[in-house]
Asker: 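First the structure, then my questions, so here it is.
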Amino acid sequence: DEKGLFCYNQDGERVCGGEEFLHLTRIDGKEVGAVHKLYVDGRNLEMTTLSLQPLILEIPNMLTDEECDHFISVAKQEGLKDSSTGKNGGDNTFNILDIDNNKQLNVLEMRVTIENAFDVYLTDEDILEMYINTGIDKDSDGNITQEELGRIRPAEMERYIKKFAQLQPEKQSRYSQQVWLYPDKSVDKTFSQVQERVSEVINLPIDVVRLSNFQIVKYAVNGHYNAHHDSSRVDDNIPCCERFDTRQCRVCRYMTILFYLNDVEEGGETAFVLSENDTFATNQVEFSEQVNLYRKCSDTKIRVKPSKGKAIVWYNHFIDPKTKWMGSMDLQTLHGGCPVIKGEKWIANFWLRPTDDRKHDIERIKIMQHKMPRQQKTEL
Ligand SMILES: O=C(O)CCC(=O)C(=O)O
Ligand SMILES: [Fe+2]
């Protein structure tokens, strides 16, 4: 029945309609500390507003202990691999960031150059040590001239930095292991059940919730993830990666639902770097020391403590008032994972992936519905 294709829950009622019916929703967080009580899947849940700018909501016990254990065991079965941010050289070229344009690199400029090219966060001491070990700073003045830079080949530099990052993995921007689960289909009962629950709790149509990916991440001691955005700025010239399979595409994730799968003995909070009253330019912060949660975690105002089964939810994008679909990115969602101090930390990232192209997303949903007949709740 074409007319009943798209359904969502409204005040506990399931309502369905045609294409024009499908829309994105955004929860009204009301005020910080506001608690919204829910009864879902036979359990009482509470959703608390942690912040309005950016909008962050917390739902303790959204997953049961059994569900958490299940996801960890599936992840272990599939096998976890070292995470990477995809920004770690590889082509033996990199941009030299001579910020003051004086044709030489001071220690700060070298630090930023390396961060940008290899995603490795060195201290000033590490950089001076590199100068000594590679002999690049011929006159030992701490400044690298063009001539001195010419003494080292990019490949050699890359090898040095990579070796360094291997020996001190906490200096990478992201130090964790991960695995993607259930690409496209929700063959796993627990997973489809969780999708249904997410749809009810955040009041988003199940079909939109199913446009998602699911990633399990494990952090050991010192594991962390520097502050970043989960999505990207809207850019009409670059399509979302879901729309065209081109190399030049951007990651588009309307929402993030982050589940904590275990209790962490110490550390491992999720930190939001830009909160409520910060009026400074978010563009600047992205490239400042503040993103370096490995060193700066205790400076952040909003820090969420992991707790088994808890979910935190935030909206990486606003809703476009015209299209009622995914609008501009909320720059204040800049966040990351603080270093684990004791124990290990397991999380599941559940990324909702509508793009800024509503028409195309409707096609994606139709294809998905066609491939995967809607399961009845009683079968789950
Ligand atoms: O580990 C955390 O608390 C945050 C993880 C995160 O931001 C991510 O995986 O994108
Ligand atoms: Fe993230």
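In each ligand, atom 1 is the first atom listed, and ligand 1 is the first ligand listed.
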Asker: For Phe71 and Phe259, I'd like to know if the aromatic rings sit close, meaning centre-to-centre distance below 6.0 Å.
Answerer: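 Phe71 vs Phe259: aromatic centres not under 6.0 Å.
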Asker: So, Tyr254 versus Tyr315, ring centres under 6.0 angstrom or not?
Answerer: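 Yes, ring centres under 6.0 Å apart.
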Asker: Is His224 touching ligand 1 with its side chain, its backbone, both, or neither, if touching means heavy atoms under 4.0 Å apart?
Answerer: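 Under 4.0 Å from ligand 1, His224 contributes no heavy atoms.
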Asker: Under 4.0 Å from ligand 1, counting heavy atoms only, is it the side chain of Trp346, its backbone, both or neither?
Answerer: neither
Asker: Can you tell which part of Ile347 has a heavy atom less than 4.0 Å from ligand 1: side chain, backbone, both or neither?
Answerer: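 Near ligand 1, Ile347 shows its side chain, while the N, CA, C and O stay back.
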Asker: Any N or O of Gln215 that comes nearer than 3.5 Å to an N or O of ligand 1?
Answerer: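 No.
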Asker: Should you measure from each heavy atom of Gly337, which atoms of ligand 1 turn up under 4.0 Å away?
Answerer: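 Contacts of ligand 1 toward Gly337, numbered from 1: 1 (O), 2 (C), 3 (O), 4 (C).
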Asker: Considering only heavy atoms of Asn349, which atoms of ligand 1 have at least one such atom less than 4.0 Å away?
Answerer: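 It comes down to these atoms of ligand 1: 8 (C), 9 (O).
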Asker: Could you tell me whether Val217 approaches ligand 1 through its side chain, its backbone, both or neither, with non-hydrogen atoms closer than 4.0 Å?
Answerer: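 Neither; nothing of Val217 gets under 4.0 Å from ligand 1.
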Asker: How close does the nearest protein non-hydrogen atom get to atom 10 (O) of ligand 1, and which residue and atom is it?
Answerer: His228 NE2, 3.0 Å
Asker: Before signing off on this row, confirm whether Glu269 and ligand 1 have an N or O atom pair separated by under 3.5 Å.
Answerer: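 For ligand 1, there is no N or O atom that lies under 3.5 Å from one belonging to Glu269.
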Asker: Does Gln178 come within less than 4.0 angstrom of ligand 1, counting non-hydrogen atoms of the residue?
Answerer: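 Under 4.0 Å: no for Gln178.
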